[in-house]
Amino acid sequence: MASEKKTKGELLSEKILSNKKNAVLRLTEKQIAEADSFCEGYKEFMNTAKIEREAVIEAVRLAKDAGFKEYVKGKKYKAGEKFYFVNRGKAVILGIIGKEPLENGIRLAAAHIDSPRLDLKQNPLYEDKELCLFKTHYYGGIKKYQWTAIPMALHGVIIKAGGEKVCVNIGEDESDPVLCVTDILPHLAGEQMKRNLAQGIKGEELNLLIGSRPFKDDKVSKKVKLNIMCILNEKYGVTEDDLVSAELEAVPAFKACDVGFDRSMVGAYGHDDKVCAYTALRAILDCKAPKKTCLTCLTDKEETGSDGNTGLNSSYLKYFICDLAKTYGFEGRNVISASECLSADVNAAFDPTFPENYELRNSSQINYGVCVTKFTGARGKSGTSDASAEFVSRIRDLLDSNDVIWQTGELGKVDGGGGGTVAQYIANLDMDVIDVGVPVLSMHAPFEIVSKIDTFMAYKAFKVFFAD
Ligand code: MN
Ligand code: MN
């Protein structure tokens, strides 16, 4: 046995050097099974909540099941009472009143429920060479070439003249048709292949093919277009002019599924940021009698920079907290200043196929747990809130003392590009905030990948934050 005695160097290494290990090697089989089973619920959520409006509907449905009631402005809620507030159908705040006075601050988790996609233009419908197509305008940062030649579904709303709302969801059911952006065959792509990757497919080439059969009437010119519009008129009662007041979003028609022979990962459209939205939602639904008042905010418009009245660069969250504070006789700004936030957004997981884009020592890795990101931004930390060392320490202690496996990661190499989250807008309200989220492979692609264990660890992180 003496030969197994650890050397002084070995003992010191354990004690004073960083020894982060793959989460699979740190968890029991039972714990791993718990993470896997959590992700079954996540996959269901992904299949029903592909766009922000659907995510709000699904969040409200789950919240009602968990005893949440629609928020009543001015009502003095008692400790343990739960409510939800919907902002214009595209963002939602869910809350539970804590035992401590609101003045002691709120625990806030904020994630976004919009994802990159192809929005229809306001005059989308046209016929060309007896094919019918929709013009699109992409939403968020996409590599345009990835969005061709894959099955697409159409989600959203049409508000008819007079205000009647029609919900659209086509391409998800097994029996539904799908739509598709076509691409030129390689045999004839000589000129296209000379373009650089960013120009490989141009914005105006992202046209969705939606039909090919003409209406049988020699008196009309655009026969295919008329035939398609007849189908839409019959199904939804809309005319072409109604499309001007619509929000129709083309998204990949894939279902969420397991990835890998070991089923260790989930592949889906829109992990960014529904993987953090779902985990933050589940954390508040499962939250019981918290000390501090807890809020989960599922917001819109992050992918276009958080501007707009459903994005977090607007005042809706601030107004909500101020209204709540007023009910108890507190100044909203004092409540905000005493609050803490986990900005729940994804991080770029290290991809061994593209090692040159990452700085390995500061990249998140699949299966190393939820990722804590001190700062985001671009170049010299432009456009970031940069959490204080004090707040990083506080969150680190919280996660460690509750067995939440976590890692830290920056978004790629220093001069490699960059990106932002909602953290800066929350920090600008005078709140302590840090990014905490799940590492993603192929971020912003039609099909993104996350680890089941990392997803479960995000849920645990939000849960212990609320319980703290
Ligand atoms: Mn995001
Ligand atoms: Mn994003």
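When a ligand or atom number is given, it counts from 1 through the structure's own listing order.
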Point to revise | For the Mn ion (ligand 2): the N/O/S atom of E303 at shortest distance | key: OE2
Check your understanding: What N, O or S atom of D272 is found closest to the Mn ion (ligand 2)?
Key -> OD2
Review point. Does the separation of the ring centres of H271 and Y42 fall below 6.0 angstrom?
Key: yes
Check your understanding: Taking both backbone and side chain into account, is any N, O or S atom of C276 nearer than 2.8 Å to the Mn ion (ligand 1)?
Key -> no
Review point. Can an N, O or S atom be found in D345 less than 2.8 Å away from the Mn ion (ligand 1)?
Key: yes
Check your understanding: How about K326: does its NZ atom have over 12 heavy atoms from other parts shown lying under 6.0 Å from it?
Key -> no
Review point. Checking only N/O/S atoms, does H112 have one that is under 2.8 Å from the Mn ion (ligand 2)?
Key: no
Review point. Taking the six-membered ring for Trp, are F85 and Y71 parallel (under 30°), tilted (30 to 60°) or perpendicular (over 60°)?
Key: perpendicular
Review point. Using 30° and 60° as the class limits, which term best fits the ring planes of W147 and Y269: parallel, tilted or perpendicular?
Key: perpendicular
**Study point:** Residue pair F134 / L125, side-chain heavy-atom distance below 4.5 Å
**Key:** yes
